[in-house]
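To start, the structure under review is shown below, and the notes come after it.
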Amino acid sequence: MTAGAPFLPYGRQSIDDDDIAAVVAVLRSDYLTQGPMVEAFETALAARVGASRAVACANGTAALNLAYRAAGLGPGDAVVVPAITFLATASAARLAGAEVAFADVDPDSGLMGPDHALAAMARAEAAGLRVRAIAPVHLAGQVGPLAALRTLAAERGLTVVEDACHAIGTAWTDGAGRTVAVGADAPGVITVFSFHPVKTIAAGEGGAVTTGDAALAERLRRLRNHGMERDPARLTVRDLACDADGTPNPWVYEMAEPAFNDRLNDLQSALALSQLGKLDVFTARRAALMDAYARHLAPLAPLVRPLARTPGCRPAWHLCVALVDFARAGRRRNAVMADLRAAGIGTQVHYIPVHRQPYYHSRYGALALPGAEDYYARALTLPLFPAMADGDPERVVTELGRALAPAGSV
Ligand SMILES: *Cc1c(COP(=O)(O)O)cnc(C)c1O
């Protein structure tokens, strides 16, 4: 390890005294569970991403599951999910009862495009499934060809569930030249965020769904809270809602469908709200670090390349994924990671193609998704978090160069 240099994990939250004070204030208040901070966070999040409604929940996985369920997905339905994502994009669909149609990705960006989605849809339909939704994943903070994916979904009547767990703060330019924030209202689009500490803003654990659809938001709110309905206007069983003389029963609730407790609490919401106020600062810092990475990685091409940039996207970078030609370097990825670790640098791989997991392999058989395999063979996530020092990207790239060409190897 470089003398005196701190160990660099691949990602880390940034918590300041004001974040801590916000949480402590909740501890001294009346509400520990879902209270006024949840609503305050939802209002601020919706305003920040240009959505009319945000529904906060326990984590990004719950947010995905709530979104799929609120979109009406169930047995016999299928969701198109890119093979390069975290497990949860797919598991949350299975836990809603739907099947997963894994799509291939662009090997240089890790992102799904319309042709990948169409191939997955054809496979699902050939298996007798109704494809009802498509779940683009904004890997590392970048969106893929979203305008084309949304058009495809609109033509086929599919709901778009955008997994934006990596992409709070990202914006892109649509076909008409308008700037669109990830999470903003759009017809047929539901967006999902995570506030796990490794993501761009931290709530401890936390998630949210944004939507422009009022009825869908109501359904999300019910589903996050045991499926309970308390609104007098929506109660259906008269002798539960009222006494024999017609006076309302103040304790009444009804359940039309079973659901989990997927609530976020006020402690988490206070932290998330405080962190949301720093999103622009975090994003700018991450962008500056990514620029430094790009400069220092350039001389390592073609052995190492940054992720391919998608046109029209202004990413709020969550991960710094480098694509390394380990075969050409004649080095194994795990050996390079071990060398970097010994030099005080933490790295990770995002992600193992999900269709290769034993659960999906036994459910759907072997799938040939060469773009995902090619991406996976090269992916190496380098440290990226706001508290990194200005010189850290150079240090990381220098050590990466050394690890790829160990002394005496040429
Ligand atoms: C983190 C993550 C999730 C799950 O979010 P949790 O808050 O950890 O449950 C889902 N999808 C992607 C792409 C993620 O990175």
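What's counted below: heavy atoms across the whole structure, side chains too, no hydrogens, waters or symmetry copies. First listed ligand is number 1; within each ligand, the first listed atom is number 1.
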His226 and Tyr253 aromatic centres sub-6.0 Å: no
Within residues 200-209 or reaching into it, pairs that qualify as salt bridge (charged side-chain N to carboxylate O under 4.0 Å, His left out) - sequence neighbours excluded: none
For Ala217 against Thr211, the heavy-atom pair lying closest together: CB-CG2, 4.0 Å
Evaluation steps, side chain to side chain contact (heavy atoms under 4.5 Å, CB included), between Leu323 and Leu307: CA-CA 7 Å; Leu323 298 175; Leu307 274 190; 4.2 Å; yes
Any side-chain heavy-atom pair of Phe195 and Leu264 under 4.5 Å: no
Carboxylate-amine/guanidinium proximity below 4.0 Å for Lys278 and Asp18: yes
Could you give the N/O to N/O pairs under 3.5 Å linking ligand 1 and the protein, each with its distance?
residue, atom, partner, partner atom, Å
ligand 1, 5 (O), Ser194, OG, 3.4
ligand 1, 7 (O), Gly60, N, 2.7
ligand 1, 7 (O), Ser194, OG, 2.7
ligand 1, 9 (O), Gly60, N, 3.3
ligand 1, 9 (O), Thr61, N, 2.9
ligand 1, 9 (O), Thr61, OG1, 2.6
ligand 1, 11 (N), Asp163, OD1, 3.4
ligand 1, 11 (N), Asp163, OD2, 2.8
ligand 1, 15 (O), His166, NE2, 2.7
ligand 1, 15 (O), Lys199, NZ, 3.0
ligand 1, 15 (O), Tyr351, OH, 3.2

